[in-house]
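FYI, the numbering just counts along the sequence from 1. For the numbers below, each heavy atom of this structure counts, side chains included, while hydrogens, waters and symmetry mates do not. When a ligand or atom number is given, it counts from 1 through the structure's own listing order.
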Amino acid sequence: MVLFYALLGSLSLLPVSKTWNTDVHNQIGFMAEHFLSLQTTEVLEQVLEPQYGGSIGRAAAWADSYAHTEEGSFSYQWHWIDSHDRPPTDCNLDFHRDCPEGGCVVRAIANQTQILRSCILQVKAGTLRDGNNLTCSYALKWISHFIGDITQPLHASGLAAGGNLIPTTFDGISTELHAVWDGYIIYSITGVQNFSNETISPYPASLLSRIEEDVFAEPISSWISCSDPSTPLRCALEWARESNAWTCKYVYSHDYNETDLLTDGYALEAYPIVEMQVSKAALRLATWLNRLVIQMYEQDRAAGVHFQINQQ
Ligand SMILES: *[C@@H]1O[C@H](CO)[C@@H](O)[C@H](O)[C@H]1NC(C)=O
Ligand SMILES: *[C@@H]1O[C@H](CO)[C@@H](O)[C@H](O)[C@H]1NC(C)=O
Ligand SMILES: *[C@@H]1O[C@H](CO)[C@@H](O)[C@H](O)[C@H]1NC(C)=O
Ligand SMILES: *[C@@H]1O[C@H](CO)[C@@H](O)[C@H](O)[C@H]1NC(C)=O
Ligand SMILES: *[C@@H]1O[C@H](CO)[C@@H](O)[C@H](O)[C@H]1NC(C)=O
């Protein structure tokens, strides 16, 4: 047993981890756009490079391609956090133990959120426009991507490199467990091969009304119970822990090998989880950005109030 886990531990250092498929990231961004305030939309349009036309949906997949370039390879490990736990019997995530030197998705969300705060102030001051500060455009693109990644249960689990090393079969295709959660399950819900990377697709659009109707297993208020961007590390850690818990509650507690996951019942019970996690990512992303913009734009007013109180 010791050897087994030691082996998995060393294998988890291999660069094999992937991410929600890129078009799923696009769709999470398009869904989030639906919940952005007008003010947020206008601010983000100045932050993003012009080629995205102000769309965080179009920009949400950039982080994957960037991570695979030589220049962006430092950001590769920012897409997940490897817990050192034993699902399905024991799930837990510890920031100091599990976020290595060089970063992880929790640290990256916190770091890039802090950067984006200063960028919003630059928009407000009129110095940042048309995406003329790449540090800022990158920060927004990373946040739009990582708030997606952190809801994928296997992005908050270190066992077998986030399930990348667990061979499985899905619809007759040999793959691995991580890829099943990144794409196979969500595509099979509606029988599509992929989603658009240019505009919202019908199935993600249908999730929008379900979010508004608040009909998921967990109430939407709980999805955004931690959504104050001035405490980004605390919230990102809470989101990662919640995803990590799914690996005990479902991902590894059902048989995931030897049978075909599409037809053996595994996928069917995973559908509502994936639908909720994707919807959650979209609402969280929008809430996070809306609150960031409000906080930065009202900063002066808040400071003014503070000043007046001090004068009394
Ligand atoms: C969408 O995907 C197509 C085909 O892969 C690609 O040519 C196009 O640049 C992509 N668009 C965006 C906004 O990423
Ligand atoms: C924080 O972000 C900056 C700019 O993207 C980057 O250079 C730095 O490595 C990041 N630090 C961490 C700990 O993620
Ligand atoms: C771009 O934004 C970053 C983050 O706020 C800031 O540190 C940097 O000074 C800005 N660059 C320019 C040229 O304004
Ligand atoms: C989606 O799949 C179709 C059919 O397989 C393909 O033609 C198209 O290029 C794909 N679109 C993207 C954005 O990958
Ligand atoms: C299949 O998964 C079960 C746990 O669900 C595990 O006990 C068993 O060893 C696995 N078999 C193989 C061949 O990986």
* To do: Can you confirm whether something in the protein, heavy atoms only, sits under 4.0 Å from atom 7 (O) of ligand 2?
  => no

* Asked: Is any NZ, NE, NH1 or NH2 atom of the basic residue among Arg284 and Glu242 found under 4.0 Å from an Asp or Glu carboxylate oxygen of the other?
  -> yes

Distance from [atom] to nearest protein heavy atom, with residue and atom:
atom	answer
atom 9 (O) of ligand 2	Trp78 CZ2, 4.0 Å
atom 13 (C) of ligand 2	Arg107 CD, 3.4 Å
atom 4 (C) of ligand 2	Ile115 CD1, 3.6 Å
atom 2 (O) of ligand 3	Asn133 ND2, 2.4 Å

Any donor-acceptor pair under 3.5 Å linking the side chain of [X] with the backbone of [Y]?
X	Y	value
Asn21	Val24	no
Ser75	Trp78	no
His145	Ala60	yes

* Val106, Ile109, Asn111: member with heavy atom nearest to atom 1 (C) of ligand 2 -> Asn111

* Asked: So is Tyr138 in contact with ligand 2, going by heavy-atom distances below 4.0 Å?
  -> no

* To do: Check whether any heavy atom of Gln112 sits under 4.0 Å from an atom of ligand 2.
  => yes

* Asked: Parallel, tilted or perpendicular: which fits the ring planes of Tyr66 and Trp62, with parallel below 30° and perpendicular above 60°?
  -> parallel

* Parallel under 30°, tilted from 30 to 60°, perpendicular over 60°: which one fits the rings of Phe170 and Tyr184? -> tilted

* **Ligand-side contact atoms (ligand 3) for residue partner Cys136, heavy atom cut-off under 4.0 Å** => 2 (O)

* Atoms in ligand 3 flagged as close to Ser118, the criterion being non-hydrogen separation under 4.0 Å -> 4 (C), 5 (O)

* When clusters are formed by joining ILVMFWY residues with side-chain heavy atoms under 4.5 Å apart, either directly or through shared neighbours, do Leu48 and Ile115 land in the same one? -> no

* Pick one of side chain, backbone, both or neither for how Ala139 approaches ligand 3, counting any non-hydrogen atom pair under 4.0 Å. => neither

* Asked: Is there a nitrogen or oxygen of Thr135 sitting under 3.5 Å from a nitrogen or oxygen of ligand 3?
  -> no

* To do: Could you tell me which atoms of ligand 2, counted from 1 in the order shown, lie closer than 4.0 angstrom to a heavy atom of Trp142?
  => 5 (O)

* Taking distance alone, with no angle check, do Asn197 and ligand 1 share an N/O pair under 3.5 Å? -> yes

* Phe216 and Trp223: aromatic ring centres closer than 6.0 Å? -> yes

* **Which atom of Phe35 lies closest to which atom of Asn290, heavy atoms considered** => O-ND2, 2.9 Å

